[in-house]
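Sequence lines set the chain letters: A, B, ... in the order given, protein chains first and strands last, and positions in each chain run from 1.
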There are 2 protein chains.
Amino acid sequence: MKTLKYSRQREELYDLLSSVKTHPTADWLYGELRKKMPNISLGTVYRNLALLIEAGKVQKITVGTSTDHFDANTSNHYHFVCNCCERVYDLDMEVMENLNQEAEEQSGHKVTGHSLLFYGTCNACKEKENRKDVLQ
Amino acid sequence: MKTLKYSRQREELYDLLSSVKTHPTADWLYGELRKKMPNISLGTVYRNLALLIEAGKVQKITVGTSTDHFDANTSNHYHFVCNCCERVYDLDMEVMENLNQEAEEQSGHKVTGHSLLFYGTCNACKEKENRKDVLQ
DNA sequence: TTTAATAATGATAATCATTACTGATTACAA
DNA sequence: TTGTAATCAGTAATGATTATCATTATTAAA
């Protein structure tokens with residue numbers, strides 16, 4: 001059984017991820033952390049994200065793009081991903097717990113959870129589009 | 001405007017993907033196609049999958065594992081992925097079209113669709129577990 | 001305090017899925 | 001036929017993530 005030791009890098013990483021409302025990629029976190037700790041390496045970011053996920057303090061969000069996103073909010077909630085800028089947003093919709101049971105009854109598989117992801121164009125990108133139209 | 005020309009490789013790929021109930025990876029499709037066409041290359045599989053997706057005849061399914069899965073059933077439906085073997089199954093549940101509007105009203109973003117993915121342990125893996133217990 | 005055990009680090013190499021490139025081949029409209 | 005553009009196989013490149021390794025830092029016990 002491996003016990004965690006304190007590390008400044010992990011603490012700063014978790015503080016940063018907890019402080020943002022967005023759902024950053026490992027690379028974005030790396031860039032931010034380097035401002036305070038110029039020697040931190042990308043491997044350390046990935047390694048500590050994995051440890052925090054294992055500890056149940058962080059969740060990984062996969063949205064179909066090439067890079068994963070991370071979230072310090074581990075409570076079950078739904079996301080929206082913008083097809084245009086690939087940013088991930090939280091949605092304030094109630095979680096449908098009953099769906100798991102419904103899926104289990106229908107399929108016979110043991111269902112432990114679900115993830116619901118909406119996609120489309122975010123407000124920021126919609127406005128950018130409108131500005132482009134005007135300039136046309 | 002680029003027009004598609006006939007290709008045996010693309011036809012066989014689509015026939016194969018249409019014929020299976022599973023949701024194979026590019027590499028699995030490659031392995032199967034090589035039985036008939038030993039010289040086909042993995043790049044050709046990926047290139048034609050992309051063309052078929054663009055043509056709306058195939059959809060890509062991302063389930064949080066390292067590799068993408070593909071599905072010739074492009075109608076909107078939900079999936080189950082096994083945490084154990086990573087296989088992807090179709091679910092026969094009715095699609096909740098109303099969710100898009102609900103998410104749009106709540107967030108203000110333009111919502112064009114959603115994907116709902118259940119996870120847990122599939123029947124095949126549950127049985128394998130049971131067999132292990134017996135042998136213990 | 002020292003010390004000993006071991007977790008964590010930065011740097012870098014390796015991996016793995018996917019994409020891009022290239023020169024040869026093929027489909028197909030004129 | 002023939003011109004041309006799509007497609008191919010083979011291979012190199014890419015990009016995200018993971019593994020390795022020698023060194024450093026944390027922690028609990030002496």
Can you get from Y89(A) to L117(A) by hopping between Ile, Leu, Val, Met, Phe, Trp and Tyr side chains that sit under 4.5 Å apart? no

Roughly, in whole Å, what's the span from CG in L51(B) to P in dA5(D)? 18 Å

Do we get R34(B) above Y30(B)'s six-membered ring, with its NZ or CZ under 6.0 Å from the centre and within 45° of the axis? yes

Of all pairs that satisfy salt bridge (Lys or Arg N to Asp or Glu O under 4.0 Å), the ones with a partner from residues 65-81 of chain B, not counting sequence neighbours: K60(B)-D68(B)

Among the clusters formed by ILVMFWY side chains lying less than 4.5 Å apart, do L49(A) and M37(A) turn up in the same one? yes

Just to verify, what does E102(A) make a side chain to side chain contact (heavy atoms under 4.5 Å, CB included) with, not counting sequence neighbours? N98(A), L99(A), M93(B)

Flag yes if M96(B) and V111(B) sit in one hydrophobic cluster, no otherwise; membership is Ile, Leu, Val, Met, Phe, Trp, Tyr, and two members link when side-chain heavy atoms are under 4.5 Å apart. yes

Hydrophobic cluster of Y6(A), others only, ordered by chain and residue number, side-chain cut-off 4.5 Å: none

Is a side-chain donor-acceptor pair under 3.5 Å present for H114(A) with Y78(A)? yes

Parallel, tilted or perpendicular: which fits the ring planes of H79(A) and H23(A), with parallel below 30° and perpendicular above 60°? perpendicular

Please determine whether a side-chain nitrogen or oxygen atom of R47(A) lies at a distance below 4.0 Å from atom OP1 or OP2 of dT9(C). yes

Which ones in residues 5-32 of chain B lie close to DNA chain C, meaning a heavy atom under 4.0 Å from one of its atoms? K5(B), Y6(B)

Close approaches to DNA chain C from residues 38-46 of chain B, in residue order (heavy atom, under 4.0 Å): L42(B), Y46(B)

Counting only heavy atoms and a strict 4.0 angstrom limit, can you tell me which residues of residues 53-74 of chain B come near DNA chain C? S66(B), T67(B), D68(B)

Tell me the interatomic distance from L4(B), atom CG, to dC28(C), atom C1', rounded to whole angstroms. 14 Å

In whole Å, I'd like the distance from the CG atom of L49(B) to the P atom of dT7(D). 14 Å

With hydrophobic residues grouped by side-chain heavy-atom distances under 4.5 Å, do Y119(A) and V95(B) end up in a single group? no

